[in-house]
Amino acid sequence: MKPRYPFLSLDQTNAPYLDRLKAAACRVIDSGRYIGGEEVEQFETHLAEISQTKYAIGVANGLDALRLILRAYIAIGKLSPGDHVLVPANTYIATFLSITDSGLTPIPVEPHPVTMNIDTSRLDQFITPATRAIIPVHLYGRVAWDTDLVSFSRKHNLIVIEDNAQAIGARSATPGLNGTTHTTGSLGHAAAFSFYPTKNIGALGDAGAVTTNDPQLAETVRALANYGSNRRYHNILCGFNSRLDPIQAAMLNVKLKHVSIENAARFDRAVAYHNNISTPRVTLPPISSTPTDCVWHQFVITVDPSRRDYIRQQLLDQGVETDIHYPTPPHLQPCYADTFSNISLPVTERLARSIISLPISPGTPILDIVDIARIVNNTI
């Protein structure tokens, strides 16, 4: 029987935690507390510790985390509808949706062709008189933070919001704006997390969070997420219903203790790919000896765009499942056809035609990674 190399198997991902996850679910059921409560409070405390921030607020999902941050900055008068927000052009569409849903204007910035993160050397080309914020996305788990970004944001007095949906536990060589912390989630003024089931630390459903050191922002985000209420039946803002479910908080409380272990397993698999993929027709993502500057949410290679679909099919025929993150950039999506009808982003568009994501789950055995690498060498 031909071997099969699944891209991601969530039952395999959750297998090491299965008994504890079941016990956590039962604990919430038995508690009789199904909104808020101790599990959510423990999750927020632990996430703040991991992220080296004063505040963490559990919310319904990663998109809401970004939306709530932006809406909170509008509510406290630091952003206004129509303001421009710099954003990497090759991010997942949720980053763009959070901006437009808040009445703000996304300004797509080309990525660096090697790191695939926002190209901080080109930021001055995209600044406008209306630019008030920037959202660096730690794409694929790679830290999108350097001295150029810090200098640029300080020079233009920008609000910096990290999209940390894919990089929990990553660390930057360059300190954050506060000059001390290095952990993603604490580098800018605020950060959004996603705990979608496929993330490095995933819930068993939707879940997200906001981290910050700003007490006013934290208080405003918490109120907005709870119908705009800061106490029962007292609504100070026109808010949402975006609370973190205590069952999902309980699931995450089991897994958050193992962030470093999960990320280390991904690093080991990235190293195995680098040691075993040898064909010159593949460009590998950069890797360093520091295992925390990228936590390898995805392992994304680039190939000749004219052969990408053929290569994927050939890999699949040999049992290797792949994916594309992401096949269509936000500015080319139908929902933004009018918004971005006159812009050209050649680096972004070429990457979208060239990238292939290979399996890199901690549940994928290292020997399977070696096999996949051999198949890549013989196929591409």
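Not counting sequence neighbours, Glu41 has no partner by the side chain to side chain donor-acceptor pair (under 3.5 Å) test. Legend: residues meeting ring pair (Phe, Tyr, Trp, His ring centres under 6.0 Å) with Trp296, ordered by chain and number and at least two apart, are Phe299. Checked against salt bridge (Lys or Arg N to Asp or Glu O under 4.0 Å), Lys22 has no partners two or more places apart in sequence or in another chain. For Arg307, there are no salt bridge (Lys or Arg N to Asp or Glu O under 4.0 Å) partners at least two apart in sequence or on another chain. Looking at residues two or more places apart in sequence or on another chain, you find a side chain to side chain contact (heavy atoms under 4.5 Å, CB included) between Ile324 and Arg308, Arg312, Pro327, Ile355. Residues passing the side chain to side chain donor-acceptor pair (under 3.5 Å) test with Arg353: none are found, sequence neighbours excluded. Residues passing the side chain to side chain donor-acceptor pair (under 3.5 Å) test with Asp83: none are found, sequence neighbours excluded. Not a single ring pair (Phe, Tyr, Trp, His ring centres under 6.0 Å) links Tyr34 to another residue, sequence neighbours left out. Remark: Glu262 engages no residue in a salt bridge (Lys or Arg N to Asp or Glu O under 4.0 Å) (not counting sequence neighbours).
For Gln333, the CD atom counts as densely surrounded, since its 6.0 Å shell holds more than 12 non-hydrogen atoms of other residues, nucleotides or ligands.
Applying the side chain to side chain donor-acceptor pair (under 3.5 Å) test to every pair with at least one member in residues 203-222, sequence neighbours left out, gives these pairs: Glu44-Arg222. Applying the side chain to side chain donor-acceptor pair (under 3.5 Å) test to pairs two or more places apart or on separate chains, those with a residue in residues 145-155 are Thr120-Asp146.
Between the side chains of Gln52 and Thr183, a donor-acceptor pair is found at a separation under 3.5 Å.
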Only pairs under 3.5 Å count here: list side-chain donor-acceptor contacts from residues 356-368, not counting sequence neighbours, and write none if there are none.
from   : atom 1 : to     : atom 2 : distance (Å)
Ser357 : OG     : His325 : ND1    : 2.8
Ser361 : OG     : Gly363 : N      : 3.0
Thr364 : OG1    : Ser361 : O      : 3.4

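Classified by interplanar angle (parallel below 30°, tilted 30° to 60°, perpendicular above 60°), the ring pair Phe195/Phe193 is parallel.
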